[in-house]
Undergrad: 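Once you've had a glance at the structure underneath, I'll fire off some questions.
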There are 2 protein chains.
Amino acid sequence: MQPRHSKSKTEILDITVPLFAEAGFNGVSMRDIAGEVGIKTASLYHHFRDKRTLYRAAIFHAFSRKTEVLSLVLATDISPEQRLKKFVAAFCKLVHDNPYFIRLIQREILVGDDLRLRLVEEQVAQEFFSLLLSLCRELASDHDPHLLSISILGLVVFHYQITPLRQILPGSRSQYDDPEVVAEHVVRLLLKSVSEPFSLTS
Amino acid sequence: MQPRHSKSKTEILDITVPLFAEAGFNGVSMRDIAGEVGIKTASLYHHFRDKRTLYRAAIFHAFSRKTEVLSLVLATDISPEQRLKKFVAAFCKLVHDNPYFIRLIQREILVGDDLRLRLVEEQVAQEFFSLLLSLCRELASDHDPHLLSISILGLVVFHYQITPLRQILPGSRSQYDDPEVVAEHVVRLLLKSVSEPFSLTS
DNA sequence: GTCTATATGCTGATAGAC
DNA sequence: GTCTATCAGCATATAGAC
């Protein structure tokens with residue numbers, strides 16, 4: 001489609017995504033991006049109207065179909081417990097393997113712009129969150145499904161989000177980065193709780 | 001100590017902390033800060049050598065003794081279950097009442113600078129994390145104390161961190177912002193799990 | 001589609017008067 | 001301790017040649 005020496009939009013976005021994920025919108029200049037891509041700043045403006053447009057395109061690029069696998073797992077016709085296991089495993093792998101994806105979402109949440117959050121919700125969450133809610137309803141009738149859904153996501157996301165700090169906290173081990181180890185821990189924590197209908201505390 | 005019309009360092013930091021928390025280091029200019037404080041940009045440089053120094057001072061100011069209450073609760077001589085309840089309640093209240101505090105920590109983790117993370121660890125985490133580890137060892141001999149400690153923190157932090165997105169997700173309710181509601185949910189999730197030594201899953 | 005050249009404004013920071 | 005005035009550099013963005 002494109003001459004060998006010219007850069008396609010996709011190529012530019014592949015290079016742009018990590019930059020914005022690491023340093024944020026204000027932490028990366030059009031010069032920085034052009035430099036990494038290997039073209040001059042002015043050439044960037046041929047592909048993208050302005051910096052905001054480029055950022056938005058990078059977000060979409062990074063988000064595209066990343067959570068499809070989660071919906072797929074949640075729609076499988078297996079027992080709720082098995083579905084939870086599969087979901088947590090898939091989610092841990094997703095978060096572990098796509099640090100840029102998670103960082104960009106974090107940054108969008110930090111900015112807190114309503115319109116942009118709605119985009120995140122449509123692009124990332126909408127697809128699977130309702131299915132996760134249903135799973136939580138099936139799993140634990142005595143827990144609030146919404147709070148439980150958020151908790152499941154939080155157990156996984158926070159673990160990886162805090163990784164650089166976690167690694168210097170007392171008692172840290174290298175295997176704690178392994179998505180399978182994390183998934184096993186999270187499922188244990190959840191299943192022994194959500195499967196028990198009675199309360200053990202006063 | 002200071003004449004009525006001049007600004008003390010503390011006054012400046014009180015105003016600076018929310019700005020950096022909301023927009024990040026690169027999202028706030030010395031002009032912005034000076035404007036909010038009500039002085040000229042050059043006057044800021046009388047109090048702080050440069051922008052980095054001001055940022056670091058703001059961080060310290062925002063972090064100072066915020067987690068003391070957590071150590072206090074964790075050092076109380078009550079049953080592990082009661083200590084967990086008190087800790088989660090105190091932690092929920094801390095995170096809920098101090099959004100700037102949490103946002104600044106998040107930003108520090110996102111930047112990921114080793115030296116700065118060590119400062120966060122010393123200023124914020126060191127004090128109570130070892131006590132939390134001990135509590136987890138007492139509570140659940142069959143769970144990894146480190147993973148469990150991180151999970152407890154994550155259940156609370158993530159819930160509030162994702163708040164702007166959570167509020168537009170399906171099934172959200174206003175009471176989910178209430179720290180007491182969140183604490184009750186988190187403790188239920190944990191205690192029914194960590195108090196049960198046997199596994200319910202294959 | 002990329003380039004050179006340039007416009008315009010904002011940035012962190014300094015000098016020196018009051 | 002605050003001010004006015006100013007600087008050099010970098011930011012986004014545009015115009016127009018090739």
Side-chain angles (χ1 to χ4, degrees), chain A residues 1-62 104 107-108 110-111 113 115-116, chain B residues 1-62 104 107-108 110-111 113 115-116:
Chain A
M1 299 282 264
Q2 299 285 347
R4 194 66 39 90
H5 62 283
S6 70
K7 303 285 180 178
S8 72
K9 282 198 180 193
T10 306
E11 283 178 275
I12 294 173
L13 292 177
D14 283 337
I15 294 166
T16 306
V17 163
L19 297 178
F20 277 135
E22 292 298 331
F25 182 83
N26 292 312
V28 185
S29 70
M30 293 298 269
R31 282 169 146 81
D32 294 335
I33 295 167
E36 286 292 318
V37 173
I39 57 178
K40 296 293 171 183
T41 310
S43 305
L44 269 183
Y45 287 86
H46 171 77
H47 300 278
F48 304 95
R49 185 180 294 101
D50 54 25
K51 190 184 177 184
R52 289 181 62 90
T53 306
L54 171 55
Y55 182 78
R56 204 157 23 191
I59 294 279
F60 269 73
H61 186 69
L104 285 174
R107 292 193 180 278
E108 287 301 291
L110 266 173
V111 169
D113 180 88
L115 281 169
R116 279 163 64 177
Chain B
M1 299 283 265
Q2 300 286 345
R4 193 66 38 89
H5 61 284
S6 70
K7 302 285 178 178
S8 71
K9 281 199 180 194
T10 305
E11 283 177 275
I12 293 173
L13 292 177
D14 283 336
I15 294 167
T16 305
V17 163
L19 296 178
F20 277 136
E22 292 298 330
F25 182 83
N26 292 311
V28 185
S29 70
M30 294 296 272
R31 283 169 148 81
D32 293 335
I33 295 166
E36 287 291 317
V37 172
I39 57 177
K40 295 294 171 183
T41 309
S43 305
L44 270 183
Y45 287 86
H46 171 78
H47 299 279
F48 304 95
R49 187 179 292 101
D50 53 26
K51 192 183 177 186
R52 290 180 61 92
T53 305
L54 171 54
Y55 182 79
R56 204 158 21 194
I59 294 279
F60 269 73
H61 186 70
L104 285 174
R107 291 194 180 278
E108 287 299 292
L110 267 173
V111 170
D113 181 90
L115 280 169
R116 279 162 63 178

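Heavy atoms only: backbone and side chains are in, while hydrogens, waters and symmetry mates are out.
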Undergrad: Given A:L13 and A:L54, is the side-chain contact (heavy atoms from CB on, under 4.5 Å) satisfied, shown in steps?
TA: CA-CA 8 Å; A:L13 292 177; A:L54 171 55; 3.9 Å; yes
Undergrad: A:K40 has a side chain; which of C:dT4, C:dT2, D:dT12 sits nearest to it?
TA: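 The listed nucleotide nearest to A:K40's side chain is C:dT4.
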Undergrad: Locate the shortest heavy-atom distance separating A:K51 from A:V28; write the atom from each residue and the value.
TA: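 What the structure gives for the nearest pair is NZ-O, 2.7 Å.
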Undergrad: Quick one: B:F48 CZ to D:dT2 P, roughly how many Å, whole number?
TA: 11 Å
Undergrad: Nearest of C:dT2, C:dT11, D:dA11 to any side-chain atom of A:R31?
TA: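 For A:R31, the side-chain atoms sit closest to D:dA11.
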Undergrad: Can you tell me how far C1' of C:dA13 sits from CD1 of B:I33, to the nearest Å?
TA: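 Rounded to whole Å, this separation is 14 Å.
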Undergrad: Expressed in angstrom and rounded to an integer, what is the separation of B:L44 atom CG from C:dT11 atom P?
TA: 13 Å
Undergrad: Taking the nucleotide of DNA chain C with the nearest heavy atom to each, does B:R49 or A:I39 sit closer to the 5' end?
TA: A:I39
Undergrad: Between atom CG in B:L54 and atom P in C:dA13, what is the gap in whole Å?
TA: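 Checked: the CG to P distance equals 10 Å.
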Undergrad: Taking atom P of C:dG9 as reference, at what distance in whole Å does atom CG of A:D50 sit?
TA: 18 Å
Undergrad: So what does A:V28 hit on the nucleic acid, given a heavy-atom distance under 4.0 Å: a base, only sugar-phosphate, or nothing?
TA: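 It contacts sugar-phosphate atoms only.
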Undergrad: Any idea which heavy atoms bring B:I12 and B:T16 closest together, and the distance?
TA: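 Shortest heavy-atom contact: O-OG1, 2.6 Å.
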Undergrad: Out of C:dA5, D:dT2, D:dT4, which has the shortest distance to the side chain of B:A42?
TA: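 Nearest listed nucleotide: D:dT4.
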Undergrad: For the side chain of A:Y45, starting at C-beta, report the closest nucleotide among D:dT2, C:dG12, D:dT12.
TA: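 It is D:dT12.
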Undergrad: Under 4.0 Å: is that the gap between some side-chain N or O of A:H46 and OP1 or OP2 of C:dT2?
TA: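 Checking C:dT2 against A:H46, no side-chain N or O comes under 4.0 Å of OP1 or OP2.
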Undergrad: Below the 4.0 Å mark, does C:dG1 have OP1 or OP2 next to a side-chain nitrogen or oxygen of A:S43?
TA: no
Undergrad: Does the B:E11 side chain pair with the main chain of B:S8, one donor and one acceptor, at a distance under 3.5 Å?
TA: yes
Undergrad: Checking contacts here: which listed nucleotide (D:dT2, C:dG1, C:dC3) is nearest the side-chain heavy atoms of B:H47?
TA: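 Closest of the options to the side chain of B:H47: D:dT2.
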Undergrad: How are the rings of B:Y55 and B:F20 set relative to one another: parallel (under 30°), tilted (30 to 60°) or perpendicular (over 60°)?
TA: perpendicular
Undergrad: Round to a whole Å and report the spacing from CD of B:E11 to C1' of D:dG1.
TA: 13 Å
Undergrad: Between C1' on C:dT11 and CZ on B:R52, what's the gap in Å once rounded to a whole number?
TA: 16 Å
Undergrad: Using whole Å, report how far OH of B:Y55 lies from C1' of C:dA13.
TA: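 From B:Y55 OH to C:dA13 C1': 20 Å.
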Undergrad: Go through C:dG12, D:dC3, C:dC3 for me and flag the one nearest to the B:S29 side chain.
TA: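 For the B:S29 side chain, the nearest candidate turns out to be C:dG12.
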